[in-house]
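Note: hydrogens, waters and symmetry copies are ignored here, and every other heavy atom, side chains too, is used. In this text, all values refer to a predicted model and were calculated from it rather than measured experimentally.
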Amino acid sequence: MCKIVIFGNSCSGKTTLAAQLGEKLHIPIHHLDLWFREPKMRKISQIRQRKRYFKKKLERVLNTASWIVEGWGYLDTYDLRFSKADIIIFLDVVPQESKERFLIREQNKQMHIKITEKLVKQGFYKIDKFHEENRPIILDLFQQYEGESGKSLFPIARKYNLEQLLATLRNGKYG
(Lines give C-alpha, C1' and ligand atoms only; values in the text may rest on other atoms or scores of the structure.)
Protein backbone atom coordinates (compact mmCIF):
# COMPACT_ATOMS: atom_id res chain seq x y z
CA MET A 1 0.00 0.00 0.00
CA CYS A 2 1.50 3.32 -1.11
CA LYS A 3 -0.28 6.63 -1.45
CA ILE A 4 1.77 9.40 -3.04
CA VAL A 5 0.74 12.96 -3.78
CA ILE A 6 2.95 15.22 -5.90
CA PHE A 7 2.56 18.99 -5.83
CA GLY A 8 4.44 21.58 -7.84
CA ASN A 9 4.17 24.50 -10.20
CA SER A 10 3.56 24.14 -13.91
CA CYS A 11 6.55 22.52 -15.59
CA SER A 12 8.15 21.50 -12.30
CA GLY A 13 8.31 17.81 -13.25
CA LYS A 14 5.19 16.42 -11.51
CA THR A 15 4.00 14.36 -14.45
CA THR A 16 7.47 13.03 -15.22
CA LEU A 17 8.09 12.04 -11.60
CA ALA A 18 4.65 10.45 -11.30
CA ALA A 19 5.28 8.38 -14.43
CA GLN A 20 8.69 7.26 -13.16
CA LEU A 21 7.38 6.33 -9.72
CA GLY A 22 4.31 4.62 -11.16
CA GLU A 23 6.46 2.48 -13.43
CA LYS A 24 9.00 1.57 -10.73
CA LEU A 25 6.49 1.01 -7.92
CA HIS A 26 3.63 -0.40 -10.06
CA ILE A 27 1.09 2.08 -8.72
CA PRO A 28 -1.77 3.67 -10.70
CA ILE A 29 -1.27 7.36 -11.56
CA HIS A 30 -3.99 9.99 -11.58
CA HIS A 31 -3.19 13.22 -13.45
CA LEU A 32 -5.59 15.83 -12.04
CA ASP A 33 -5.01 18.25 -14.92
CA LEU A 34 -6.50 15.69 -17.30
CA TRP A 35 -9.71 15.54 -15.28
CA PHE A 36 -10.53 19.08 -16.37
CA ARG A 37 -10.46 17.96 -20.01
CA GLU A 38 -12.95 15.11 -19.53
CA PRO A 39 -16.24 15.62 -21.41
CA LYS A 40 -18.33 15.28 -18.24
CA MET A 41 -16.27 17.90 -16.40
CA ARG A 42 -16.36 20.26 -19.37
CA LYS A 43 -20.17 20.08 -19.50
CA ILE A 44 -20.51 21.34 -15.92
CA SER A 45 -20.78 25.10 -16.21
CA GLN A 46 -21.10 26.16 -12.57
CA ILE A 47 -17.84 26.25 -10.62
CA ARG A 48 -19.45 24.91 -7.42
CA GLN A 49 -20.76 21.86 -9.28
CA ARG A 50 -17.38 21.34 -10.96
CA LYS A 51 -15.61 21.47 -7.61
CA ARG A 52 -18.10 19.03 -6.10
CA TYR A 53 -17.69 16.60 -9.01
CA PHE A 54 -13.89 16.94 -8.82
CA LYS A 55 -13.82 16.36 -5.06
CA LYS A 56 -16.07 13.27 -5.26
CA LYS A 57 -13.89 11.79 -7.98
CA LEU A 58 -10.75 12.60 -5.97
CA GLU A 59 -12.21 11.02 -2.82
CA ARG A 60 -12.94 7.80 -4.73
CA VAL A 61 -9.30 7.64 -5.82
CA LEU A 62 -7.94 8.54 -2.37
CA ASN A 63 -9.98 5.76 -0.77
CA THR A 64 -8.29 3.06 -2.85
CA ALA A 65 -5.28 1.06 -1.60
CA SER A 66 -2.47 2.62 -3.68
CA TRP A 67 -2.18 5.64 -5.92
CA ILE A 68 -0.10 8.49 -7.19
CA VAL A 69 -1.98 11.77 -7.55
CA GLU A 70 -0.27 14.68 -9.27
CA GLY A 71 -1.44 18.08 -10.35
CA TRP A 72 -2.91 21.29 -9.06
CA GLY A 73 -6.61 20.62 -8.83
CA TYR A 74 -8.58 22.84 -6.51
CA LEU A 75 -6.91 24.51 -3.53
CA ASP A 76 -9.61 23.31 -1.18
CA THR A 77 -8.61 19.70 -1.91
CA TYR A 78 -4.97 20.13 -0.87
CA ASP A 79 -5.62 19.30 2.80
CA LEU A 80 -7.62 16.23 1.78
CA ARG A 81 -4.69 14.98 -0.29
CA PHE A 82 -2.22 15.67 2.52
CA SER A 83 -4.41 13.81 5.02
CA LYS A 84 -4.79 10.69 2.85
CA ALA A 85 -1.22 10.43 1.50
CA ASP A 86 1.64 8.43 2.99
CA ILE A 87 4.19 10.29 0.89
CA ILE A 88 3.93 13.96 -0.01
CA ILE A 89 6.34 15.35 -2.57
CA PHE A 90 6.59 19.05 -3.36
CA LEU A 91 8.69 19.97 -6.37
CA ASP A 92 9.44 23.52 -5.25
CA VAL A 93 10.92 24.89 -8.46
CA VAL A 94 11.62 28.63 -8.70
CA PRO A 95 9.29 30.47 -11.10
CA GLN A 96 12.08 31.35 -13.56
CA GLU A 97 12.98 27.67 -13.99
CA SER A 98 9.30 26.78 -14.49
CA LYS A 99 9.02 29.52 -17.13
CA GLU A 100 12.09 28.26 -18.97
CA ARG A 101 10.71 24.70 -18.92
CA PHE A 102 7.32 26.02 -20.06
CA LEU A 103 8.89 27.64 -23.13
CA ILE A 104 10.79 24.43 -23.96
CA ARG A 105 7.65 22.31 -23.53
CA GLU A 106 5.55 24.60 -25.69
CA GLN A 107 8.24 24.73 -28.38
CA ASN A 108 8.33 20.94 -28.43
CA LYS A 109 4.53 20.74 -28.58
CA GLN A 110 4.18 23.36 -31.29
CA MET A 111 7.16 22.06 -33.26
CA HIS A 112 7.58 24.56 -36.08
CA ILE A 113 4.65 26.79 -35.19
CA LYS A 114 5.47 30.09 -33.51
CA ILE A 115 4.39 30.26 -29.88
CA THR A 116 2.06 33.21 -29.43
CA GLU A 117 2.69 36.00 -26.98
CA LYS A 118 -0.78 35.35 -25.52
CA LEU A 119 0.11 31.71 -24.75
CA VAL A 120 3.36 32.76 -23.08
CA LYS A 121 1.59 35.44 -21.00
CA GLN A 122 -1.06 32.94 -19.88
CA GLY A 123 1.55 30.34 -18.99
CA PHE A 124 3.72 32.80 -17.09
CA TYR A 125 0.67 34.21 -15.28
CA LYS A 126 -0.28 30.70 -14.13
CA ILE A 127 3.27 30.01 -12.92
CA ASP A 128 3.43 33.29 -10.98
CA LYS A 129 -0.04 32.74 -9.53
CA PHE A 130 0.93 29.27 -8.25
CA HIS A 131 4.08 30.65 -6.64
CA GLU A 132 2.19 33.49 -4.95
CA GLU A 133 -1.02 31.68 -3.93
CA ASN A 134 -0.65 27.89 -3.97
CA ARG A 135 2.94 27.56 -2.77
CA PRO A 136 2.32 29.22 0.64
CA ILE A 137 -0.64 26.91 1.25
CA ILE A 138 1.48 23.84 0.45
CA LEU A 139 4.30 25.08 2.70
CA ASP A 140 1.79 25.64 5.53
CA LEU A 141 0.47 22.11 5.07
CA PHE A 142 4.03 20.76 5.17
CA GLN A 143 4.49 22.46 8.54
CA GLN A 144 1.13 21.17 9.76
CA TYR A 145 1.88 17.54 8.81
CA GLU A 146 5.59 17.54 9.69
CA GLY A 147 6.36 14.80 12.18
CA GLU A 148 2.97 13.15 11.84
CA SER A 149 3.18 9.40 12.14
CA GLY A 150 2.83 7.57 8.83
CA LYS A 151 3.72 10.60 6.71
CA SER A 152 6.89 11.11 4.72
CA LEU A 153 7.36 14.65 3.44
CA PHE A 154 9.75 15.43 0.59
CA PRO A 155 10.21 19.11 -0.30
CA ILE A 156 12.47 19.03 -3.35
CA ALA A 157 13.92 22.37 -4.46
CA ARG A 158 16.45 21.10 -7.00
CA LYS A 159 16.69 18.32 -9.54
CA TYR A 160 16.07 15.09 -7.72
CA ASN A 161 17.89 11.80 -8.10
CA LEU A 162 15.17 9.24 -8.89
CA GLU A 163 17.14 6.24 -7.64
CA GLN A 164 17.95 8.02 -4.38
CA LEU A 165 14.28 8.96 -3.94
CA LEU A 166 13.22 5.37 -4.65
CA ALA A 167 15.78 4.03 -2.16
CA THR A 168 14.42 6.40 0.48
CA LEU A 169 10.88 5.26 -0.26
CA ARG A 170 11.90 1.59 -0.10
CA ASN A 171 13.69 2.16 3.22
CA GLY A 172 10.43 3.58 4.51
CA LYS A 173 8.74 0.35 3.36
CA TYR A 174 6.77 2.07 0.59
CA GLY A 175 8.20 0.33 -2.45
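Evaluation of the side chain to side chain contact (heavy atoms under 4.5 Å, CB included) rule for Asp140 yields Gln143 as partners, not counting sequence neighbours.
Looking only at distances, a side-chain donor or acceptor of Ser66 sits under 3.5 Å from a matching main-chain atom of Cys2. Looking only at distances, a side-chain donor or acceptor of Ser98 sits under 3.5 Å from a matching main-chain atom of Ser10. Between the Arg81 side chain and the Val5 main chain, no donor and acceptor come within less than 3.5 Å of each other. At least one donor-acceptor pair closer than 3.5 Å links the side chain of Asp86 to the backbone N or O of Lys3. Looking at Lys151, its side chain does come within 3.5 Å of a backbone N or O of Ala85 through a donor-acceptor pair. Using modelled atom types, no side-chain atom of Thr77 and backbone atom of Leu80 make a donor-acceptor pair closer than 3.5 Å.
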Item to check | side-chain hydrogen bond (donor to acceptor under 3.5 Å, both in side chains) assessment of Asn63 paired with Lys84 | outcome: CA-CA 8 Å; Asn63 287 324; Lys84 297 284 189 171; 3.0 Å; yes
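Taking the six-membered ring for Trp, Phe54 and Tyr74 have ring centres closer than 6.0 Å. For an aromatic pair to be called close, the ring centres must be under 6.0 Å apart, and Phe7 with Phe82 satisfies this.
Lys55 has no carboxylate O lying under 4.0 Å from a charged side-chain N of Asp76, or vice versa, which leaves the two without a salt bridge.
Contact of the Leu21 side chain with the Lys24 side chain is not registered, since no non-hydrogen atoms from C-beta on lie closer than 4.5 Å. Inter-residue side-chain proximity for Phe90 and Ile156 is flagged as unmet; no heavy-atom pair is nearer than 4.5 Å. Contact annotation: the side chain of Arg105 approaches that of Phe102 to within less than 4.5 Å [non-hydrogen atoms, C-beta and beyond].
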Less than 3.5 Å apart, which donor and acceptor atoms pair up between the side chains of residues 25-43 and the rest of the protein, not counting sequence neighbours?
{"residue": "His31", "atom": "ND1", "partner": "Glu70", "partner atom": "OE2", "Å": "2.5"}
{"residue": "Glu38", "atom": "OE1", "partner": "Lys57", "partner atom": "NZ", "Å": "2.7"}
{"residue": "Glu38", "atom": "OE2", "partner": "Lys57", "partner atom": "NZ", "Å": "2.5"}

